[in-house]
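Here the structure is laid out as structure tokens; the discussion comes afterwards.
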Amino acid sequence: MVQLYQSVSLIFEGKITRMDKVKNKNEIAIAMSGGVDSAVAASLLIKNGFRVRGYYMSLKPWNCRERDKPVEQDRAEKIADKLGIQLDILDFQRIFKEEIIGGYISALSQGLTPNPCVMCNRLIKWGSLLEYVQSKGIGLLASGHYAYLQRDENGDVTLHKGLDENKDQSYVLSALPQPVLRHMILPLGNLQKKEVQALAQEFGLSESVDRESQDLCFLSGFKQEDFLRENAKELLESGEITDQDGKVLGRHSGLALYTIGQRKGLGIAWHEPLFVIDKNIERNILIIGTKDKLRQNALTAKDANWISELPQTDDRRYDIKIRYKSKLLKARIHHLQNREFTVIFDESLRDITPGQRVVVYKGRKCLGGGEIVKGMYINNLKR
RNA sequence: UGGGGCAUGGUGCAACGGCAGCACACCGGACUUUGAAUCCGUGGAUCCAGGUUCGAAUCCUGGUGCCCCGG
């Protein structure tokens, strides 16, 4: 049988003492999306002796004419049936619309490129849902995220990358504060995706689940343009596309449709590819240029969240991600004060994008991160 | 209404008289719980009318359109 990794077992065995609000240490809630990951995570918890209760969050309206419930919900119900656990359906549509969609649109209107997954994890999955299960007397909430939580005997948690680096989701969890992490259980943290798929086979779940995890995201299946036309028409105001010198090269159909570093959708033929290098939100102008114009080597960030330790601001290097799937970049942290900080990279990079999250790693450990305010190029890098 | 130049996919360019190719754009796919990037792939063009030639995008004649010079 597959063992849960140590820090989960420690809870079960009652060896972690300081766990506020956790009464029954063998009772656990799990967010179930209908995907393979949460299904296997639930199975693992059950097989390791936890009493598990599933929760499916209904986040967005579906087409009622076609079916009485979304396919994801149907899958989640079948999985819960198979596992013999209770599944509660929670209607979070209103808060999802107000907080996540609202926040997303509001950020876009400021010219930012928000990451709704990060917001959704903080506000919905590990916000509203955690509060809800706690109100039901359950102190622990699990999910199928690929990230690894390590606990010491005080219950203090450190967040680590999932063992499967390709699937690692510590990035989207990096904005969660310590008090929330204390209540989280991530059973897949030490598994490879392949192992999870094999377990799904072994547990007889393969037929019920989708091959991939369901994305709960509101953008799934939507084109950004269609989404905005329905939800925020005012962001689709067309304007000029210019180069850095202000020469007009074409027209765009709404700044919100573009992000820094984007190539597709400009519709401008040139002898080499062109990319979005900046947005002028006041004048509704999209500024584009060749690849070399994207080179930057520093950024400022705000709304920092440090999970277990502050980064040092001496010359030591950390591994940095500037978006979910970016490769790790060596950099040092400076000017850390209040909830703001500066990151200076060893090498220049492209696509530093305001609104995205910058996340700091020390080896496998995720220290936390912040929201990118702006990227810049510093010429005279003093060592 | 003088002189010169140009005309090739959506755009910008290539092709000694011998199978019209490249870049960019568009479209599709892969990847992906954000938006992107990246990778793979498809389609699509010789301004018009004559002529020379075995063979014309290429040479010749005429037409049409555009550009530059005529400070």
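A note on names: the letters A, B, ... follow the listed sequences, proteins ahead of strands, and every chain is numbered from 1.
Within the 4.0 Å cut-off from OP1 or OP2 of B/rU34, not a single side-chain nitrogen or oxygen of A/Lys325 is found.
Two residues, A/His145 and A/Asp351, neighbour RNA chain B, and the one matched to the more 5' nucleotide by heavy-atom proximity is A/His145. Remark on RNA chain B: of its neighbouring residues A/Val172 and A/Gly261, the 5'-side contact belongs to A/Val172, judged by nearest-heavy-atom nucleotide.
The OH-C1' distance, from A/Tyr258 to B/rU34, rounds to 18 Å in whole Å. With rounding to whole Å, A/Tyr324 atom OH is found 15 Å from B/rC31 atom P. What separates OH of A/Tyr171 from P of B/rG35 is a distance of 13 Å, to the nearest Å. Rounded to an integer number of Å, the gap from A/Asp168 CG to B/rU33 P is 11 Å. As a whole-Å value, the separation of A/Asp292 CG from B/rA37 C1' is 16 Å. Rounded to an integer number of Å, the gap from CZ of A/Phe96 to C1' of B/rU33 is 11 Å. As a whole-Å value, the separation of A/Gln356 CD from B/rU34 P is 11 Å. Atom CD1 of A/Ile100 and atom P of B/rU34 are 14 Å apart (whole Å).
Set against B/rU34, B/rA36, B/rU38, the side chain of A/Cys117 has B/rU34 as its closest nucleotide. When distances are taken from the side chain of A/Gln262 to each of B/rU33, B/rU38, B/rA36, the shortest belongs to B/rA36. Distances were taken from every side-chain heavy atom of A/Thr113 (C-beta onward) to each of B/rG35, B/rU38, B/rU33; the shortest belongs to B/rG35. Which of B/rA36, B/rU33, B/rU34 sits closest to the side chain of A/Thr259 comes down to B/rA36.
Across B/rG43 and B/rG35, the matching C1' atoms stand 28 Å from one another, rounded to whole Å. For the C1' atom pair drawn from B/rC6 and B/rU58, the interatomic distance equals 15 Å after rounding to whole Å. B/rG28 and B/rC66 are spaced 36 Å apart, taking the P atom of each and rounding to whole Å. Here, B/rA25 and B/rU42 have their C1' atoms 15 Å apart, quoted to the whole Å. Comparing the same atom, C1', in B/rG21 and in B/rU46 gives a spacing of 12 Å after rounding to whole Å. Nucleotides B/rA15 and B/rA7 are separated by 11 Å at their P atoms, to the nearest Å.
Enclosure of atom CD in A/Glu234 by more than 12 non-hydrogen atoms of other residues, nucleotides or ligands within 6.0 angstrom is indicated. Atom NZ of A/Lys293 has more than 12 neighbouring heavy atoms from other residues, nucleotides or ligands inside a 6.0 Å radius. In A/Lys69, the NZ atom is crowded: over 12 heavy atoms of neighbouring residues, nucleotides or ligands sit closer than 6.0 Å.
Donor-acceptor pairing under 3.5 Å is lacking for the side chains of A/Gln356 and A/Thr113. Looking only at atom types and distance, the side chain of A/Gln197 has no donor-acceptor partner in the side chain of A/Gln201 under 3.5 Å away.
Partners of A/Glu195 under the side-chain contact (heavy atoms from CB on, under 4.5 Å) rule, at least two apart in sequence or in another chain, are A/Leu191, A/Gln192.
Between the A/Gln178 side chain and the A/Val157 main chain, a donor and an acceptor come within less than 3.5 Å of each other. The main-chain N or O of A/Gly162 is found under 3.5 Å from a side-chain atom of A/Arg364 such that the two form a donor-acceptor pair.
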Please test A/Asp314 against A/Arg316 for salt bridge (charged side-chain N to carboxylate O under 4.0 Å, His left out), starting from the C-alpha separation and ending with a verdict. CA-CA 6 Å; A/Asp314 52 21; A/Arg316 87 181 55 187; 3.2 Å; yes
Using a 4.0 Å cut-off on protein heavy atoms (strictly under), produce a 5'-to-3' string for nucleotides 21-26 of chain B with B for base contact, S for backbone-only sugar-phosphate contact, and - for none. --SBSS
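Under the 4.5 Å side-chain heavy-atom criterion for ILVMFWY residues, a single connected hydrophobic cluster contains both A/Ile100 and A/Tyr132.
With the 3.5 Å cutoff on both pairing distances, Watson-Crick and G-U pairs in RNA chain B assemble into runs of at least 3 at B:2-7 with B:64-69, B:10-13 with B:21-24, B:27-30 with B:38-41, B:47-51 with B:59-63.
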